[in-house]
Amino acid sequence: MPGPGLRAARLITELTAPAVLVTVLTMLVGWFGGNGGAHGLAWGLLATVFASGIPFAYIVGGVRRGRLTDHHVGVREQRRTPLLFGLASAAVGWALLAAFGAPRPLLALVAAGVVGLVVAVTVSHWWKMSIHTAVAAGAVVVLVLTFGPPLLAAVPVPALAGWSRVRLRAHTLPQVLVGGTVGGLVAGAVYGALT
């Protein structure tokens with residue numbers, strides 16, 4: 001039903017889109033890994049180009065050419081190629097970051113993203129798990145592990161992302177819950193182990 005709830009859901013879906021959250025997260029972790037200086041922000045920007053910028057540009061190009069229905073890649077059957085492209089881009093980005101000596105937290109973050117994309121590609125072959133909630137939950141875990149308990153204040157973000165996806169009928173409640181669980185577990189296991 002249209003109305004303020006639908007408008008709020010659309011806004012929240014855009015604000016919690018994986019490209020947005022990954023961009024913010026890589027910049028924050030880059031800044032942190034660079035001891036709060038411009039050097040760290042430069043590392044974060046480089047990571048963002050490969051983890052978010054290039055994959056999102058590919059998706060936008062696919063929408064413009066009519067190969068993808070929308071920039072959220074809402075049709076499950078259309079997800080495999082953009083996810084594989086994003087996986088390749090993130091893996092190349094990780095290799096460059098490692099070769100040039102990027103801060104360990106940033107390498108750990110991009111590695112967690114690569115593992116998360118492997119899981120997403122695998123699951124999306126059969127089922128439309130919510131990548132919005134996977135990334136949102138993973139982002140909260142990374143923020144808490146990086147900056148400490150005060151960042152538990154971000155815990156509502158995955159819930160809001162999930163609500164918006166269900167409200168827009170882009171996902172079912174189980175798809176949102178599984179996405180959030182998987183994203184949080186992957187981030188905790190990979191980022192936690194590598195930092």
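Since this is a predicted model, take the numbers as computed values, not measurements. Only this structure's heavy atoms are used, side chains among them; waters, hydrogens and symmetry mates stay out. Numbering starts at 1 and runs along the sequence shown.
Within the 3.5 Å criterion, the main-chain N or O of Leu107 finds a donor-acceptor partner in the side chain of Trp94.
The two residues Pro156 and Ala153 come nearest to each other via the heavy atoms CD-O, 3.1 Å. Heavy-atom minimum distance, Gly116 versus Val186: N-CG1, 3.8 Å. Nearest heavy-atom pair across Val135 and Pro18 is CG2-CB, 3.9 Å. Contact detail for Trp43 and Phe100: the closest heavy-atom pair is CH2-O, 3.2 Å. Of all heavy-atom pairs spanning Pro158 and Val140, the tightest one is CD-CG2, 3.7 Å. Across every non-hydrogen atom of Val110 and Ala47, the tightest pair is CG2-CB, 4.1 Å.
Cluster note: Trp163 groups with Ile12, Leu160 through ILVMFWY side-chain heavy atoms spaced under 4.5 Å, whether in direct contact or through intervening members. Clustering of Ile, Leu, Val, Met, Phe, Trp and Tyr by side-chain heavy atoms under 4.5 Å joins Val75 with none of the others.
Note that CG of Leu143 and CG of Leu151 are 5.0 Å apart. Values are rounded to the nearest 0.5 Å. Arg165 CZ to His72 NE2: the interatomic distance, rounded to the nearest 0.5 Å, is 5.5 Å. The distance from atom CZ of Arg79 to atom CD of Glu77, rounded to the nearest 0.5 Å, is 10.0 Å. Annotation: the span from Arg76 atom CZ to Met129 atom CE amounts to 12.5 Å, rounded to 0.5 Å. The CG atom of Leu84 sits 9.0 Å away from atom OH of Tyr58, with the distance rounded to the nearest 0.5 Å. To the nearest 0.5 Å, atoms OG1 (Thr13) and CG (Leu168) are separated by 4.5 Å.
Applying the side-chain hydrogen bond (donor to acceptor under 3.5 Å, both in side chains) test to every pair with at least one member in residues 97-126, sequence neighbours left out, gives no pairs at all. Residues in residues 183-195 take part in these side-chain hydrogen bond (donor to acceptor under 3.5 Å, both in side chains) pairs, two or more places apart or across chains: Thr146-Tyr191.
Using a 4.5 Å cut-off between side-chain heavy atoms of Ile, Leu, Val, Met, Phe, Trp and Tyr, with links allowed through other members, Phe32 and Val142 fall into the same hydrophobic cluster. Hydrophobic clustering, with ILVMFWY side chains joined whenever heavy atoms are under 4.5 angstrom apart, keeps Leu194 apart from Leu185. In terms of hydrophobic clustering, with Ile, Leu, Val, Met, Phe, Trp and Tyr side chains grouped at heavy-atom distances under 4.5 Å, Leu106 and Ile54 are assigned to a common cluster. A single hydrophobic cluster is not seen to contain both Phe50 and Val190; linkage of ILVMFWY side chains at heavy-atom distances under 4.5 Å, directly or through other members, places them apart. At a threshold of 4.5 Å between side-chain heavy atoms, the hydrophobic network of Ile, Leu, Val, Met, Phe, Trp and Tyr places Val178 and Val118 in two separate groups.
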For this session: Please assess Val182 against Thr133 for the test side-chain contact (heavy atoms from CB on, under 4.5 Å), listing each intermediate value before the final yes or no.
Result: CA-CA 9 Å; Val182 168; Thr133 56; over 6 Å; no
Problem set entry | Intermediate values then yes/no, side-chain contact (heavy atoms from CB on, under 4.5 Å), Ile59 and Leu68 | CA-CA 7 Å; Ile59 290 170; Leu68 303 173; 4.1 Å; yes
For this session: Test Gln175 against Thr172 for side-chain contact (heavy atoms from CB on, under 4.5 Å), laying out the working first.
Result: CA-CA 5 Å; Gln175 290 168 341; Thr172 63; 3.2 Å; yes
For this session: Determine, step by step, whether Leu173 and Leu177 satisfy the side-chain contact (heavy atoms from CB on, under 4.5 Å) criterion, reporting the C-alpha distance in whole Å, the side-chain angles of both residues, the deciding distance to 0.1 Å, and the verdict.
Result: CA-CA 6 Å; Leu173 183 59; Leu177 293 174; 3.9 Å; yes
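Side-chain contact between Leu83 and Ile131: present, with at least one pair of heavy atoms (C-beta onward) separated by less than 4.5 Å. Inter-residue side-chain proximity for His71 and Glu14 is flagged as met; some heavy-atom pair is nearer than 4.5 Å. In this structure the side chain of Pro174 reaches within 4.5 angstrom of the side chain of Trp127, judged on heavy atoms.
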Taking distance alone, no hydrogens or angles, what donor-acceptor pairs closer than 3.5 Å link side-chain atoms of residues 20-28 to residues at least two apart or in another chain?
residue : atom : partner : partner atom : Å
Thr23   : OG1  : Ala19   : O            : 2.7
Thr23   : OG1  : Ser52   : OG           : 3.0
Thr26   : OG1  : Val22   : O            : 2.9
Thr26   : OG1  : Thr23   : O            : 3.1
Thr26   : OG1  : Thr48   : OG1          : 2.4

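For Thr181, the side-chain hydrogen bond (donor to acceptor under 3.5 Å, both in side chains) test picks out no residue, with sequence neighbours left out.
Taking the ring centroids of His132 and His171, they lie at or beyond the 6.0 Å cut-off.
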